[in-house]
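What follows is a structure written as structure tokens; I'll ask about it next.
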Amino acid sequence: MSGPEHILRVRRLYKLIFRMHRALPPELRIMGDNYARDEFKRHKKCNPEESKIFLNEWTDYAITLAKQMKPLQQAKKKAIGSYLNPQLLDHMTEDQLIQLYELHRAATDSDDKGQEQK
């Protein structure tokens with residue numbers, strides 16, 4: 001699964017995600033860019049089954065973000081992201097749960113700082 005076609009698909013998705021992050025608020029862009037960069041590096045040599053799941057999830061993320069970045073959607077909701085299905089937690093490794101918690105903590109810390117400045 002690491003043929004030239006697969007590599008091209010991964011690169012396109014990677015670049016697309018970073019282009020879409022440009023529309024995010026600065027704090028979220030930095031966090032999103034760092035997270036995406038780390039995840040793509042971490043999965044560089046994963047097996048074909050993990051690779052398929054990884055690419056599907058990141059493609060879904062890109063599609064969701066594209067929908068939320070449309071000006072009309074932003075004007076209506078003023079919200080970015082979506083809630084995680086709690087059933088997915090049962091399928092995560094301990095490392096993934098720790099990483100998810102750290103991401104949550106970083107996101108809520110930046111929200112708290114933004115609220116204090118207003």
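In this chain, residues are counted from 1 in sequence order.
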| query | Do side-chain atoms of Thr59 reach the backbone of Leu55 as a donor and acceptor pair under 3.5 angstrom? | reply | yes
| message | Would you say Ile63 ends up clustered with Tyr61 if hydrophobic residues are merged whenever their side chains have heavy atoms under 4.5 Å apart, either directly or through other cluster members? | response |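 Hydrophobic grouping puts Tyr61 apart from Ile63.
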| task | Could you grab the distance from atom CZ of Arg22 to atom CG of Asp33, nearest 0.5 Å is fine? | result |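 Arg22 atom CZ to Asp33 atom CG measures 9.5 Å (nearest 0.5 Å).
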| query | Are any non-hydrogen side-chain atoms of Leu28 and Pro25 less than 4.5 angstrom apart? | reply |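 Counting from C-beta outward, Leu28 and Pro25 do come under 4.5 Å.
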Please table the atom pairs, donor to acceptor, closer than 3.5 Å between any side-chain atom in residues 85-95 and protein atoms at least two apart or in another chain.
residue: Asn85; atom: OD1; partner: Gln87; partner atom: N; Å: 2.9
residue: Thr93; atom: OG1; partner: Gln96; partner atom: N; Å: 3.2
residue: Thr93; atom: OG1; partner: Gln96; partner atom: OE1; Å: 3.4

| query | Which value, rounded to the nearest 0.5 Å, describes the distance between Glu39 atom CD and Lys44 atom NZ? | reply |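 One finds 14.5 Å between CD of Glu39 and NZ of Lys44.
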| query | By ring pair (Phe, Tyr, Trp, His ring centres under 6.0 Å), which residues pair with Phe40, not counting sequence neighbours? | reply | Tyr14, Phe54, Trp58
| Just wondering, more than 12 heavy atoms not from Arg37 lying within 6.0 Å of its CZ? |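 Yes.
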| query | Lys67 versus Thr64: any side-chain heavy-atom pair under 4.5 Å? | reply | no
| task | Side-chain contact test, heavy atoms from C-beta onward, threshold under 4.5 Å: evaluate it for Pro48 versus His6 and give yes or no. | result |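 The answer is no, as the side chains (C-beta and beyond) never meet within the 4.5 Å cut-off.
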| query | Arg12: what forms a side-chain contact (heavy atoms from CB on, under 4.5 Å) with it, not counting sequence neighbours? | reply | Leu8
| task | Consider only side-chain heavy atoms of I, L, V, M, F, W and Y, link residues closer than 4.5 Å, and tell whether Leu24 and Ile30 are in one cluster. | result | no
| Roughly how far, to the nearest 0.5 Å, is NE2 of His21 from CE of Met31? |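 Those atoms lie 10.0 Å apart.
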| field | Transitive ILVMFWY side-chain link Ile53 to Val10, under 4.5 Å | value | no
| side-chain contact (heavy atoms from CB on, under 4.5 Å) against Asp38, all qualifying residues, sequence neighbours excluded |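 side-chain contact (heavy atoms from CB on, under 4.5 Å) list for Asp38, sorted by chain: Arg42, Gln99.
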| request: Locate the shortest heavy-atom distance separating Met20 from Ala66; write the atom from each residue and the value. | output: CE-N, 2.9 Å
